[in-house]
Number of protein chains: 2
Amino acid sequence: MNRSLCSTVTAVTGSRKQLGGVAFLLAQLGAHAANRFAERIGELGLTPVDVGLLRMIAVEPGRSQQSLAAELGVVPSRVTALIDPLDRAGLVERRRSKEDRRNYELHLTDKAGEVMAGIRQVATAHEGEICTALTDLQRTHLMGLLELIADQQGLTPGVHPGYRRP
Amino acid sequence: MNRSLCSTVTAVTGSRKQLGGVAFLLAQLGAHAANRFAERIGELGLTPVDVGLLRMIAVEPGRSQQSLAAELGVVPSRVTALIDPLDRAGLVERRRSKEDRRNYELHLTDKAGEVMAGIRQVATAHEGEICTALTDLQRTHLMGLLELIADQQGLTPGVHPGYRRP
DNA sequence: TATTGTTATACTCTATAACTATA
DNA sequence: TATAGTTATAGAGTATAACAATA
């Protein structure tokens, strides 16, 4: 099994209830949520990155690899490597554009539609697991507070920024 | 500049205010907070991992590399590579244990003490930045809700789990 | 023989650069 | 000449395994 730290120990201010707190707790819980999701989605033979790509194509069918690269802040050659396995798995189809035969139009296959249904199931179960500790009211409260931060920090809804090493 | 996706696009349920939401927003905000912290701490010539290690040694001076490996869920050889730069930078000292000359006792140097002060400054500024959108009351509320989740999910206070690939 | 830490090796992720086909 | 995508190469991060010193 291949593990990675990425930024394993971002510990800063010490235990909870000390100065600081929210930022670290967000990083900690965010990593936990991402890890758990990766585990669950792995049972479908997918990675979180796969899921994100499928969704981006589902939202805007026919988009090019370049546009994906731009939105992800990633180099085009990376997108090639990212789409390849989805193509091989029969989930994404590369169709040469007839207007400009240099680029591909990316489309989901019927098989991908079925897989997306499975993904939605996993996502719902995941959400439930993460929020187990909260009442419905608390859940709504939390959502509101998190959105305040996300909006103020200028985060794009639905786009996970990834983790960049310094 | 070396960038990495790690699990860049963990997008799942689409835009905010849709079903799901909290888990993804946590992952998104957590990654954002971790990235911003890495940027800031990078100005001190440190990585988030460095900071976590320094803190772990500060909390329990004299601990061994093995104990770090165990707590981090990382292989001992990894700890060697992790401590090396801190040793070279004159922040951590490896002292051979007199009771058991196989292991080292890890200690922070005086220089590390000064660096830790800088880290605390950065952490405070970082916390302020992340919480800009919130009133003090909202901040307290958020902290409480996040702790509910963290406790229920069994997360260790102060230990960032890192991001493991499936 | 078992344990602490190190070194050597291999594998994965990712970016950069060179290349092909098309415009 | 410029653009979409691919391939080749190199560097960083990390685990596995073999090793040295000590117990």
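Within every chain, numbering begins at 1; the chains are lettered A, B, ... in the order of the sequence lines, protein sequences first and strands thereafter. Excluded from the calculations below are hydrogen atoms, water molecules and symmetry mates; all remaining heavy atoms, backbone and side chain alike, are included. Just so it is clear, the model here is predicted, and its values are computed rather than measured.
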Could you tell me whether R96(A) contacts a base, only the sugar-phosphate backbone, or nothing, with contacts defined as non-hydrogen atoms closer than 4.0 Å? nothing
S97(B) near the nucleic acid: base, sugar-phosphate alone, or nothing, with a heavy-atom cut-off under 4.0 Å? nothing
Look at R101(A) and dT20(C) and indicate whether a side-chain polar atom (N or O) is within less than 4.0 Å of OP1 or OP2. no
Is the phosphate of dG5(D) approached by T80(A) (side-chain N or O, under 4.0 Å from OP1 or OP2)? no
Please report, rounded to the nearest Å, how far the P atom of dT6(D) is from the CG atom of L68(A). 12 Å
Establish, yes or no, whether the cationic atom of R95(B) lies under 6.0 Å from the six-membered ring centre of Y104(B) and within 45° of the ring axis. no
Between R102(A) and S77(A), name the one whose nearest nucleotide on DNA chain D is closer to the 5' end. R102(A)
Is a side-chain N or O of E127(A) found less than 3.5 angstrom from the main chain of V22(B), in a donor-acceptor match? yes
Evaluate side-chain contact (heavy atoms from CB on, under 4.5 Å) for L108(A) paired with L91(A), printing each intermediate quantity in order. CA-CA 6 Å; L108(A) 297 189; L91(A) 299 176; 5.9 Å; no
Let's see if you can work this out: which of dG5(C), dT6(D), dA4(D) has an atom nearest to the side-chain heavy atoms of Q65(B)? dG5(C)
Could you walk me through whether V79(A) and L53(A) satisfy the side-chain contact (heavy atoms from CB on, under 4.5 Å) test, starting with their C-alpha distance in whole Å, then the side-chain angles of each, then the deciding distance to 0.1 Å, before giving a yes or no? CA-CA 10 Å; V79(A) 176; L53(A) 290 168; 5.8 Å; no
Most 5' of V75(A) and E99(A) on DNA chain C, judged by nearest nucleotide: V75(A)
